[in-house]
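So you know, we letter chains A, B, ... as the sequences are listed, proteins then strands, and number each from 1.
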Amino acid sequence: MRRGAVFYVLEVLTVERIWTTELADHVGERVLLKGWLHRLRQLSHVTFLVLRDAQGTAQIVIDDTQLAAQLAALQAESLLSIQGEVVAEPQAPGGVEIHQPQIEVLVAVQEPPPLELFRPTLKAQLPTILDHAPVALRHLRQRAIFQLSSAAMNGFRDTLRARKFVEIQTPKIVGAATEGGANVFRIDYFDRSAYLSQSPQLYKQIMVGVFERVFEVGPAFRAEPHDTPRHINEFVSLDAEIGFIRDHFEVMALLAEVLRGVFATMQQEAETALAQLKVQLPMLPETVPTLHFSEALELVARETGADVTQAVDLSGADERVLGTWALREHNSDFVFVWGYPTQQRAFYTHPDPERPFYSRGFDLIFRGLELVSGAQRLHRYEEYLTALAVRGMPTESFVGYLEAFRHGMPPHGGFAIGLERLLARLIEAPNIRETTLFPRDLTRLTP
RNA sequence: GGGGAUGUGGUGUAGAGGCCUAACAUGCAACCCUGUCAAGGUUGAGAUCGCGGGUUCGAAUCCCGUCAUCCCCGCCA
């Protein structure tokens with residue numbers, strides 16, 4: 001009995017907090033909301049307070065002039081805890097609002113925010129937004145981008161897990177550069193030098209020898225000193241690798257499935273964010289248009305009249321031409337190009353057995369931008385020794401990696417999706433920094 | 001790594017040798033307005049025009065340097 005009494009008292013004292021988006025389900029009840037002071041609109045005898053929480057916003061109506069005066073002294077983004085009655089009101093945004101509020105100020109902010117968060121779009125230049133990221137990210141549109149990002153990572157994980165892939169985390173401090181290139185960050189590691197991982201490539205291949213199918217969601221670091229709208233020096237790589245494949249086409253089919261899963265999850269989990277950003281989910285047909293590298297060159301030559309048939313790689317402009325072509329001719333936002341010259345690709349790329357000049361490496365171009373790189377990899381120890389020797393790379397840097405191949409690895413392949421690039425093309429942001437929480441580039445190391 | 005452009009109140013812009021003691025919008029402050037929803041109205045505060053040097057009687061404006069930012073190419077996710 002005494003227990004029951006205690007419970008009762010607690011229930012009265014602690015009204016459960018609800019989200020601003022749940023008001024419609026609580027009409028006639030007294031509820032508790034918590035969040036940020038988004039906007040205050042004062043009229044002569046009534047004041048409207050817009051409260052923002054992680055899910056959305058709600059309007060609170062204040063008739064009490066004394067309370068209104070107290071609130072007017074607060075700056076935007078002050079933290080509030082509000083209890084009040086939920087009333088259905090056709091004039092209210094969303095049809096419901098809070099009346100007769102009791103307001104507790106949790107944090108009284110002293111200065112106005114550097115950006116106007118209450119406006120439908122953030123009216124500031126990208127550098128200003130990035131400089132003030134801790135505040136700018138609170139804008140409904142900005143945060144919608146990263147709700148999409150979260151859904152994308154979920155979709156990637158769910159699709160692969162459903163196919164028996166195992167999620168792994170590989171080291172980001174590594175002893176040797178993955179591709180042997182110069183564009184790696186060197187760090188002090190006790191008395192030695194080490195590097196920040198450019199890619200989980202070598203480790204995920206090793207792990208194919210354990211789990212056959214692995215994936216990783218993690219950062220990749222590139223020390224390339226380029227300042228472009230599509231590069232950052234730290235990005236999130238959505239990596240997958242699968243064993244016992246016949247050829248790279250199986251990897252490409254898997255990639256298309258994964259992207260379908262990513263978009264489906266976005267639709268499910270981030271519908272509001274998609275609507276807020278006015279995103280059109282991309283056209284990803286059952287059969288994604290697929291070109292061999294040499295066909296891609298011919299197509300570019302035909303489309304533009306430029307003589308590129310001797311080229312060994314596709315330029316950014318070429319990729320845009322292919323993107324336009326795929327949309328026009330195949331109603332697809334995606335186009336695969338495979339068979340890039342073996343010399344152009346990383347040492348672990350499997351050559352095309354028919355024409356070894358070309359490889360079984362592919363790129364997936366999304367709306368004219370290289371979004372994914374992938375390939376069938378070499379899987380025989382001897383092939384690795386030859387590939388490294390041809391490129392003049394020392395085997396000593398790859399001892400652990402090569403051990404996996406000495407002890408038997410299946411034919412395998414995989415890919416890496418750039419998360420920020422995926423989002424940037426999806427929302428048609430002109431700069432990748434717009435879809436990066438806290439971008440790291442040539443000059444930006446904070447915030 | 002190569003090339004091009006731009007830096008003006010908190011934010012977004014205008015001004016392109018003297019009209020600038022720097023304009024407009026928005027934010028901020030004060031007041032007014034019974035329902036706003038990017039509210040509206042009146043008044044006010046807020047910028048040594050990125051920084052350093054030069055040309056000129058006179059520089060936000062022209063020149064040089066420097067720093068920052070943005071764009072294109074190369075390379076990549």
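Here the separation of B/A60 from B/U6, taken at their C1' atoms, is 14 Å to the nearest Å. Separating the C1' atom of B/G2 from that of B/A77 is a span of 23 Å, rounded to the nearest Å. To the nearest whole angstrom, the two P atoms, one in B/G12 and one in B/G27, are 15 Å apart. Going from the C1' atom of B/U66 to that of B/G7 covers 13 Å, rounded to whole Å.
Residue A/S237 is classed as having no contact, given no heavy-atom separation below 4.0 Å to the nucleic acid. Heavy atoms of A/L371 sit under 4.0 angstrom from primed sugar atoms or phosphate atoms, though from no base atom.
For A/F235 and B/A77, the ring-to-base geometry satisfies the stacking test (centroid distance below 5.5 Å, interplanar angle below 30°).
Side-chain N/O atoms of A/R41 include none lying less than 4.0 angstrom from OP1 or OP2 on B/A38. Residue A/S44 places none of its side-chain N or O atoms closer than 4.0 Å to OP1 or OP2 of B/C32.
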All N/O contacts under 3.5 Å from nucleotides 65-72 of chain B to the protein, with atom names and distances to one decimal?
unit_1 : atom_1 : unit_2 : atom_2 : d
B/U69  : OP1    : A/T443 : OG1    : 2.7
B/U69  : OP2    : A/T443 : OG1    : 3.1
B/C71  : OP1    : A/N431 : ND2    : 3.0
B/C71  : OP2    : A/N431 : ND2    : 3.4

Quiz item: Under a 3.5 Å cutoff on both atom distances, Watson-Crick or G-U, what's the dot-bracket for RNA chain B ([ ] crossing, | other strand)?
Solution: ((((((((.[[[[.)..(....]]]].(((((.......))))).....[[[[[..)....]]]]])))))))....
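A distance of 6.0 Å or more separates the ring centres of A/F398 and A/Y348.
Residues A/Q344 and A/P114 each lie close to RNA chain B; by heavy-atom proximity, the contact nearer the 5' end of the strand is made by A/P114.
The list of side-chain hydrogen bond (donor to acceptor under 3.5 Å, both in side chains) pairs with a residue in residues 96-118 of chain A, not counting sequence neighbours, reads A/R30-A/Q102, A/Q59-A/E97, A/E97-A/H99, A/E116-A/R119.
Ring orientation note: the planes of A/H292 and A/Y358 are nearly perpendicular, at an angle over 60° on the 30°/60° scale.
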